[in-house]
Q: 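Have a look at this one before I ask anything.
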Protein chains: 4
Amino acid sequence: MASVRGYFHPKTATGRSSLIPEPPWHYSGDLLTVEYRTDPARVRELLPEPLGLAPEDPGAVALIWADWQSCGASREELLDPVRAQYKEAFAVVRCSYRGRVYSRCVHIWVDKDFAIARGLHQGYPKKLGSIHLTRSHPYGPAPRIEAGARFGATLAAADRRLAQAVVTLREPSETAGFVNGHPMAHHRWLPAIGKGGGLALDELVESGAASFEGGQPWAADAELELFDSPTEELSRLAVHEPIGAYYRQIGVVWDGGTLLESGTSGAE
Amino acid sequence: MASVRGYFHPKTATGRSSLIPEPPWHYSGDLLTVEYRTDPARVRELLPEPLGLAPEDPGAVALIWADWQSCGASREELLDPVRAQYKEAFAVVRCSYRGRVYSRCVHIWVDKDFAIARGLHQGYPKKLGSIHLTRSHPYGPAPRIEAGARFGATLAAADRRLAQAVVTLREPSETAGFVNGHPMAHHRWLPAIGKGGGLALDELVESGAASFEGGQPWAADAELELFDSPTEELSRLAVHEPIGAYYRQIGVVWDGGTLLESGTSGAE
Amino acid sequence: MASVRGYFHPKTATGRSSLIPEPPWHYSGDLLTVEYRTDPARVRELLPEPLGLAPEDPGAVALIWADWQSCGASREELLDPVRAQYKEAFAVVRCSYRGRVYSRCVHIWVDKDFAIARGLHQGYPKKLGSIHLTRSHPYGPAPRIEAGARFGATLAAADRRLAQAVVTLREPSETAGFVNGHPMAHHRWLPAIGKGGGLALDELVESGAASFEGGQPWAADAELELFDSPTEELSRLAVHEPIGAYYRQIGVVWDGGTLLESGTSGAE
Amino acid sequence: MASVRGYFHPKTATGRSSLIPEPPWHYSGDLLTVEYRTDPARVRELLPEPLGLAPEDPGAVALIWADWQSCGASREELLDPVRAQYKEAFAVVRCSYRGRVYSRCVHIWVDKDFAIARGLHQGYPKKLGSIHLTRSHPYGPAPRIEAGARFGATLAAADRRLAQAVVTLREPSETAGFVNGHPMAHHRWLPAIGKGGGLALDELVESGAASFEGGQPWAADAELELFDSPTEELSRLAVHEPIGAYYRQIGVVWDGGTLLESGTSGAE
């Protein structure tokens with residue numbers, strides 16, 4: 001009996017049309033991270049049950065810009081790079097669940113559809129945006145990875161700029177920040193098809209990198225500005241106090257996560 | 001106790017960030033439809049259980065280009081039209097379910113993220129694409145809606161052209177085609193988060209317009225070309241025999257659907 | 001002896017690659033116009049010699065959004081509409097030259113390369129931008145062309161919103177504004193290739209529509225906001241006093257202009 | 001007496017709106033070069049008087065993909081990278097002029113307006129396109145710069161793919177090709193504003209890098225495909241015989257060129 005195949009839609013007889021291949025997914029990327037403290041109440045209001053604030057530094061936020069090349073196990077996307085390259089900017093907070101601290105992405109913008117699809121699977125609340133970040137380069141005016149090097153990073157959605165940062169490298173660092181350093185606790189939500197029908201999918205999932213390699217992290221100083229928009233709430237995570245900023249080049253593999261619980265978020 | 005709100009992600013305290021508002025969704029649009037027959041086996045292979053081929057004319061396909069302006073109940077998107085306007089191209093076939101004939105979208109490309117989100121809810125297998133169709137206009141070189149008027153329509157994804165058509169209006173028509181004229185039978189699928197875990201969501205849903213208004217349909221002649229792509233299978237629905245083509249301006253409201261059954265598709 | 005052909009670059013043996021065909025160029029479009037008064041000194045500073053302020057109402061500005069379909073004499077672009085459709089937003093002031101009043105476009109953003117090329121020829125100072133305006137539609141939530149109909153219009157460049165307007169139709173009008181109603185007096189400038197070499201091209205040209213047809217203009221009320229940007233100066237033409245707003249659908253033909261004088265602008 | 005300023009349009013009182021700053025222009029970039037031989041007659045037909053074929057290997061073509069970050073003397077664009085980053089793909093041939101061999105770009109596509117403006121100044125016949133090339137990266141699945149590393153490169157314009165290549169690094173090389181290694185001999189053409197008025201600007205200019213630095217070039221093997229398009233003629237430079245392929249990271253400064261002669265091209 002015939003069926004349809006493909007890790008994601010559209011499912012077909014061959015599976016070849018799927019917007020994304022099955023995991024593992026492999027990533028090469030450059031990350032600019034700006035960490036700061038906001039009012040913990042603004043973090044709290046983004047955490048549905050059963051999540052709570054992290055016990056330490058509960059108002060910490062990481063705003064991260066990433067310039068990625070990604071692919072499935074075949075790596076074929078890398079040779080047709082319109083299918084591999086994308087950029088994203090995302091805001092991460094921490095939360096606690098059953099006594100353990102998790103990271104949680106609360107806003108994220110990407111610039112390709114395959115990245116949206118992976119986000120649906122992983123519980124990243126992705127929208128389309130326009131994301132730019134300076135890339136290091138060994139020649140010409142672009143910055144080397146060295147003290148004093150300056151990187152710009154910007155984010156826009158729906159033709160409005162939402163955030164911009166200038167990050168100046170200071171010195172090698174032991175870490176590239178702590179806010180995005182835990183396993184992710186994300187919700188996967190989809191409304192029921194019927195009117196007023198609540199949620200058809202309401203899962204709390206955990207995931208993280210299956211493997212990770214990275215270069216020397218650099219500590220940096222950052223100037224960060226957030227801008228209001230009628231359809232976005234990133235600026236609600238207002239900067240109360242800077243924590244730090246970081247630059248790092250990394251390689252990551254993602255290969256699935258774990259269902260923590262289902263049907264409990266109380267989200268409306 | 002605080003929770004998070006919003007019809008879609010990202011869910012926040014206010015619900016204002018949601019990529020889409022709750023239904024009803026209102027649409028104004030121009031549609032170019034090209035209907036043709038392909039090998040019914042190529043339709044059959046896209047129909048997972050419990051769906052079967054339509055009993056009459058089972059190889060009929062409609063390839064439809066649409067130029068939309070859409071909004072939620074507040075209609076505020078219309079005044080910030082980057083949030084309201086989008087274009088799409090999609091392939092529709094018919095199928096049978098429990099003795100009734102349904103329409104089913106098997107491939108679709110849109111050019112905005114809010115349209116992708118609505119598709120996830122409705123079971124349309126949306127990807128991003130670049131879609132263009134000539135618009136009628138009362139002055140200058142663009143076509144009036146009249147006999148002999150010619151409209152072009154093109155579709156590309158990942159920098160490859162997938163389809164192009166030239167549609168020439170012939171005469172007023174009683175219909176705008178039959179392939180997309182039934183309630184839609186769509187699947188809503190999402191893989192489980194765990195590796196090799198099957199589907200977390202596997203729903204067969206039915207939906208259709210909550211209300212509809214439309215102008216005079218026009219019958220037309222069409223030249224249609226489909227092109228191969230390594231990541232798309234639209235051209236697998238090869239044109240064996242033209243049926244007809246149509247132009248129509250319409251207004252539609254969508255306000256939810258019905259769950260038909262769950263967990264039965266056998267999709268891999 | 002072989003030569004190269006084509007109205008614009010790239011010139012080739014066939015001329016087929018030219019970014020634009022030779023005039024006449026035909027246009028179908030919808031226009032939203034917002035007229036207001038700014039400080040005449042801000043207009044004056046944009047007028048190089050030998051141009052001066054218009055004697056009447058010298059601070060009048062028209063900010064115009066247009067949604068176009070355009071083509072050359074063959075009209076073939078209309079059937080491959082990615083080559084025909086574009087949107088633009090532009091600021092027009094008036095000026096005087098040898099005792100006659102002209103219109104002059106001082107800032108303009110478009111979203112296609114062929115529109116940039118035509119602007120280079122015509123002396124419009126075009127940049128790329130993201131432009132959106134509500135389109136009238138006979139069905140669904142989009143506005144009809146009638147009293148009370150509301151249209152939104154937005155402009156962004158380099159991921160920053162530069163202007164937005166909401167225009168509400170009031171009543172049929174005898175005109176669609178006066179600021180853009182004169183022949184255009186534009187400069188065509190190109191720097192000399194040598195360092196510090198001044199201008200290789202410094203022409204003052206006049207042009208206007210070779211033919212024009214249009215529907216009923218509508219008078220409207222407008223709310224207009226201009227936003228600052230580090231690389232744009234549209235907001236320097238600040239709104240001091242509203243004049244009026246207008247909606248109109250038109251057809252236009254452009255078929256060349258006239259050289260007024262050369263080498264006299266003193267532009268640096 | 002007030003005038004207007006700015007290296008390019010729009011010229012204003014401050015000069016701040018200019019689409020590009022005055023040279024010098026600084027560039028950091030990665031280049032993938034594929035060299036091959038085509039029918040010399042196809043090169044000859046692109047060379048207007050007084051240019052002729054190069055005496056040696058006259059059918060040699062270089063198709064080059066470049067991923068750039070660029071800026072003016074202030075380098076401020078690098079901190080707002082939407083204004084600095086762009087990609088391009090271009091075809092270069094050689095020609096002879098007064099007994100000397102020059103390189104000449106005959107087709108080029110870029111993805112930003114500031115790059116179009118610089119091309120107008122330098123005589124590059126730029127259109128907008130969608131250009132992608134794999135970037136090397138020290139971590140994850142993207143290639144290191146080493147033997148066996150594979151890079152993909154693609155070009156599309158108007159929603160049609162025009163070229164694609166897969167380049168596999170073989171070994172360090174003394175050069176990164178020879179076709180694009182000479183000073184550039186380009187025409188700067190603009191039609192006269194009057195109907196049938198010939199050319200207002202018809203300059204043959206020479207330019208090249210004011211300074212250059214570069215990493216180790218790598219020799220590579222390439223698979224290259226060119227595709228037809230109704231509006232492009234890149235595929236007319238059909239591949240008759242491969243020459244070689246190269247990868248290199250470079251830094252370049254451009255600071256003006258020299259007028260060779262004017263009014264002599266005979267271009268139509």
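Order of the sequence lines fixes the chain letters, A, B, ..., with proteins taken first and strands second; residue numbering starts at 1 for each chain. Note: hydrogens, waters and symmetry copies are ignored here, and every other heavy atom, side chains too, is used.
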Q: Do A:Trp109 and B:Asp113 make a side-chain contact, defined as non-hydrogen atoms from C-beta onward lying under 4.5 Å apart?
A: no
Q: Below 4.5 Å, heavy atoms only, C-beta onward: do A:Lys112 and B:Leu128 meet side chain to side chain?
A: no
Q: Considering only heavy atoms, which portion of A:Thr258 lies under 4.5 Å from any heavy atom of chain B: side chain, backbone, both, or neither?
A: backbone
Q: Under a 4.5 Å cutoff for heavy-atom pairs, which residue among B:Pro230, B:Ser265, B:Gly15 has the most contacts with chain A?
A: B:Pro230
Q: Could you tell me which portion of B:Arg83 (side chain, backbone, both or neither) has an atom closer than 4.5 angstrom to a non-hydrogen atom of chain A?
A: side chain
Q: Between A:Ile193 and B:Gln122, which heavy-atom pair has the shortest distance, and what is it?
A: CD1-CA, 4.3 Å
Q: Could you report the tightest heavy-atom contact between A:Tyr7 and B:Pro191, atom names first, then the distance?
A: O-CG, 3.3 Å
Q: Taking atom CG of B:Asp39 as the centre, does the number of heavy atoms from other residues, nucleotides or ligands within less than 6.0 Å exceed 12?
A: yes
Q: Quick check: does any side chain N or O of B:His9 sit under 3.5 Å from a backbone N or O of A:Tyr124, one acting as donor and the other as acceptor?
A: no
Q: So among B:His107, B:Glu233, B:Glu45, B:Glu232, which one has a side chain to side chain donor-acceptor pair (under 3.5 Å) with A:Thr12?
A: B:Glu233
Q: For A:Ser229, is it the side chain, the backbone, both or neither that has a heavy atom under 4.5 Å from a heavy atom of chain B?
A: backbone
Q: Could you check which of B:Ser17, B:Gly266, B:Gly194 has the highest count of heavy-atom pairs closer than 4.5 Å to chain A?
A: B:Ser17
Q: Compute whether any side-chain donor of one residue and acceptor of the other, for B:Glu268 and A:Ser3, lie under 3.5 angstrom apart.
A: no
Q: Taking every non-hydrogen pair under 4.5 Å, which of B:Asp80, B:Thr14, B:Leu199 racks up the most with chain A?
A: B:Thr14
Q: Only pairs of heavy atoms separated by less than 4.5 Å count here; which of B:Ala200, B:Ser262, B:Gly197 has the most with chain A?
A: B:Ala200
Q: Counting heavy-atom pairs closer than 4.5 Å to chain B, which one of A:Arg236, A:Glu203, A:His121, A:Lys195 comes out on top?
A: A:His121
Q: Among B:Glu206, B:His187, B:Arg160, B:Glu76, single out the residue with the greatest number of heavy-atom pairs under 4.5 Å to chain A.
A: B:Arg160
Q: Could you measure the distance from the NZ atom of A:Lys126 to the CD1 atom of B:Ile116? Nearest 0.5 Å is fine.
A: 12.0 Å
Q: Kindly give the heavy-atom pair with the smallest separation between B:Arg188 and A:Ala192, and that separation in Å.
A: NH2-CA, 3.8 Å
Q: Hey, which of A:Gly6, A:Ser18, A:Gly256, A:Ala117 has the most heavy atom pairs under 4.5 Å with chain B?
A: A:Gly6
Q: Does the side chain of B:Leu201 reach to within under 4.5 Å of the side chain of A:Leu190, using non-hydrogen atoms?
A: yes
Q: Does any part of the side chain of A:Val4, heavy atoms only, come nearer than 4.5 Å to the side chain of B:Trp189, both counted from C-beta?
A: yes
Q: Between B:Val106, B:Asp159, B:Thr231, which residue shows the highest count of heavy-atom pairs closer than 4.5 Å to chain A?
A: B:Thr231
Q: Could you check if a side-chain atom of B:Pro10 sits within less than 4.5 angstrom of a side-chain atom of A:Lys127, using non-hydrogen atoms only?
A: yes
Q: Could you check whether any side-chain heavy atom of A:Pro48 comes within less than 4.5 Å of a side-chain heavy atom of B:Lys11, counting everything from C-beta outward?
A: no
